[in-house]
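Just below is one structure, and these are the notes that go with it.
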Amino acid sequence: MIRDALLVAGKDLRLEWRSRVALNQVAPFALLVLVLFAFALDPDRGLLEKATPGLYWVAVLFSGLLALQRSFSIESADGNRDALRLSGLDPAGIFLGKVMAVGLQLLALEVLLGIGVAVLYTTPITGWILLLVTAMVATVAIAAAGTLYGVVAAGLRVRETLLPLLLLPVLAPVLIGSTRAFEAALGGTPSEGWPWVGLMGVIAVLYIVAGVFGFGPLMEES
Amino acid sequence: MNWGYVIASWIIVFGSIGAYSVATVLRGRRLSRQVPPEKRRWS
Amino acid sequence: MVHLRGAVALLGRFPALAGVDLDIDRRRIVLLRGPNGAGKTTLLRTLAGLVHVSEGEAVVLGVDLLTDRRSVRQRVGLLAHTTGLYDELTVADNVAFWARAARAERSDVDAAMARLGLDGRLRTVPVGRLSAGQRRRTSLACLIARRPELWLLDEPHAGLDQEGRDLVDQLLREATAAGATVILSSHELDRSLQLADEVVTLSGGVATRDS
Amino acid sequence: MIPQTPTEVTGPASTGSRATRVLGLLALVALGVLVLFGLILSPADASQGESVRIMYVHVPSATVAYIGCFLTTLGSIIYLWRKSRWWELVAYAGAEVATLFTVITLVTGMLWGRPTWGVYWVWDARLTSTAMLLLLLLGYLAVRRLPADYEVRAKRAAIVGLLLVPNVMIVRKSVDWWRTLHQKPTLLSNGLDSKIEGLMLFSLFTGFIAISLVFGWLIVHRFRLAWLEEQVESEGLDIAIAERRAEALIGEVAP
């Protein structure tokens, strides 16, 4: 299962590297969102500063959604599902591999957005440990839930519209949790952030388990 | 003075349940005609 | 190797196979023929364990398809109209990914690519830029690197040049010599009739064996 | 509710049966009693005034909405585990009826909020998580109603349905934490917890009985409707196989 996961993750990342869609389109989009927030919330009135953690995670969520759509559009070629079913790859391995690939791309996006926020919104960064752990746990939760709902919507004509409808309500707790944890870290009260990390951990584990067991049945019959 | 909100809520509750019930029953009648009786196994 | 008795397979609500009887022994090359829409592609996909058999008996490579379709899949090789290849990856990456997914050795991958003439300049070309014939060669390379016990080929000659078609025939003869079984559909009747040991005609989702 | 062996060859020409007629009659009587006590006999609340009467339909609706979600998850689990279409249809019926009652809960909650808080919407923990519940249910229904083969729709919807209750729990927990850090205005703690007694308690009790009966009646009818929908879809499969085989015969005659 782990071997298959690494093979699939390696394939996805290699494909991303060759096509550079994430680099050339998703990353600029993420930065664009940051700039648009600055336009919408006048930077001089202090609104931007207060809302930074929330804006950051909304930007991650939306650009992450694009990365997820991309991750499933590469598997939407004619006959790809048949080929995967015939390949001998463990479905749980395919799931974990895609989670890894999406997760790594999300982490890269988060680093980029973090630099963007620090520079553009002049946010002083404090509470490093909480920030990093929050980002890791939230990334796993987003990637796992996104990959599971991604395959629920995969192969349908309505894929692009169905995925956000399914995914965003489910990720609302991750948005709340990661934003509060970031506020706690930046506000110098990290102890308030850790319960939220725990809650996001529960979500991450729930979706990893659901994906490992649910991916097999979902790959069949469609 | 709050009777307006009370009456509105109750009308909405009874109205929406009623409308949904009627729609369900009517659709059931229509589909029943397309299904042979031995497959409608309730009495 | 293959035993079907009254096998029914549905595509949605359409009975693409409406009760197929078929028995095929080991090391045979069997040609499926029949008009478009006769169920050739569905039959091949069914034997590969991709389509659910809803009625009848279906045993492939000793595995009962009604209860277990997954364990058949790794042991067969299906060459379909759709390739399943990733357009943005190179030929070498594609063959390596699909062959290694099926636990093929690195050396088998290289040998397969050399056999199909993909070891030169084509290695590093993205599949999206290949011609139809070159794609077919790439799919074939993925297939032979897996060393399947049962080869299922949906019009393997289509889109290939003269040399490519000869190569396909040669590969199939080698496969049966090595103990595999081959079932192919083709509209290249002259060529295929020479190649095949048996001919099965499909029509309206039902099979009849030609004597 | 269980499709039984036919007692008479001519089944009823609707989703009704003797059992559901009795259930429906009971529900109507209970609704009548609810109107009598909820709107006429019970007194106004000391602090909330007349708007407490909204509670008698709001709270039971919220409860049965959650029961519907539970049915959806339960049905989805059993469908995935046993391949039981019967339970898959229970899951579908549960989700649709739950959606109806979630909408009712939201609307009555807002109409209660206006006289109580002065606004239709506050980011109250319960109200917010009910809104999220509605979105989760709409997601399930969107998948279940996809224009695709039954197996495809059912299997994908079952995965979404399986995760419905865990998602609802997580959303509630997170929204509770999110709000309680700041304020604590929930419908119950603000209104009914403290001094509920006598006729008011009885009215609420009647509300639970009446709404539960309505819920049960709706579930049975919606389930039977889903059953009919599925029968209509799978109708004519035998004919299709015969037609397909006839194609082969024609093929043999004309070489």
Side-chain angles (χ1 to χ4, degrees), chain B, chain D residues 1-20 24 31 34-35 38-39 44 48-54 56-58 61 96-97 100-101 103-104 107-116 211 214-215 217-218 220-222 224-225 227-229 231-232 235:
Chain B
M1 77 186 169
N2 294 330
W3 272 106
Y5 295 106
V6 174
I7 298 300
S9 320
W10 283 59
I11 287 176
I12 286 167
V13 172
F14 281 80
S16 56
I17 291 175
Y20 182 75
S21 308
V22 169
T24 307
V25 168
L26 287 184
R27 207 165 126 65
R29 293 225 169 120
R30 198 156 44 78
L31 286 181
S32 289
R33 283 198 283 275
Q34 298 174 34
V35 175
E38 67 271 16
K39 292 203 171 158
R40 293 183 244 126
R41 293 179 293 162
W42 48 78
S43 58
Chain D
M1 188 160 171
I2 303 165
Q4 290 151 352
T5 43
T7 46
E8 43 185 344
V9 185
T10 49
S14 70
T15 48
S17 61
R18 198 177 306 137
T20 61
L31 285 175
L34 174 61
V35 169
L39 288 183
Q48 292 180 45
E50 306 294 351
S51 59
V52 72
R53 300 182 197 281
I54 296 177
Y56 307 143
V57 284
H58 171 86
S61 298
E96 201 174 286
V97 177
L100 172 71
F101 281 103
V103 171
I104 289 177
V107 173
T108 51
M110 285 161 70
L111 285 170
W112 181 86
R114 185 65 179 59
T116 311
I211 298 288
V214 170
F215 176 77
W217 186 86
L218 280 175
V220 175
H221 278 269
R222 188 61 188 88
R224 286 178 179 170
L225 179 57
W227 171 273
L228 289 175
E229 281 166 355
Q231 293 298 332
V232 169
E235 185 68 9

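Numbers restart at 1 for each chain; the letters A, B, ... are given by sequence-line order, proteins then strands. Only a predicted model underlies this, so the values are computations on that prediction, with no experimental measurement involved.
- The shortest distance between side-chain heavy atoms of V232(D) and V35(B) falls below 4.5 Å.
- At a 4.5 Å heavy-atom cutoff, the contact between L218(D) and chain B is made by side-chain atoms alone.
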Can you give the donor-acceptor pairs under 3.5 Å from side chains of residues 21-29 of chain B to other protein atoms, not counting sequence neighbours?
from   : atom 1 : to      : atom 2 : distance (Å)
S21(B) : OG     : I17(B)  : O      : 2.6
T24(B) : OG1    : Y20(B)  : O      : 2.7
R27(B) : NE     : E229(D) : OE2    : 3.4
R27(B) : NH2    : E229(D) : OE2    : 2.4

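- Contacts between V35(D) and chain B at a heavy-atom distance below 4.5 Å involve backbone atoms as well as side-chain atoms.
- Only the side chain of L100(D) comes within less than 4.5 Å of a heavy atom of chain B; its backbone N, CA, C and O stay farther away.
- Of the two parts of I54(D), the backbone and the side chain both hold a non-hydrogen atom closer than 4.5 Å to a non-hydrogen atom of chain B.
- By number of non-hydrogen pairs under 4.5 angstrom with chain D, the leading residue of I12(B), I7(B), V13(B) is V13(B).
- Taking S51(D) as the reference, nothing meets the side-chain hydrogen bond (donor to acceptor under 3.5 Å, both in side chains) condition, with sequence neighbours excluded.
- Under the 4.5 Å side-chain criterion, counting only non-hydrogen atoms from C-beta, V107(D) is not in contact with S9(B).
- Distance check: F101(D) CZ to S16(B) OG gives 8.0 Å after rounding to the nearest 0.5 Å.
- Taking the side chain as every heavy atom from C-beta outward, L34(D) and W10(B) approach each other to under 4.5 Å.
- Contact check for R53(D) versus W3(B): side-chain heavy atoms found under the 4.5 Å cut-off.
- Contacts with chain B were tallied for V103(D), L39(D), V97(D), I211(D); L39(D) has the most, counting heavy-atom pairs under 4.5 Å.
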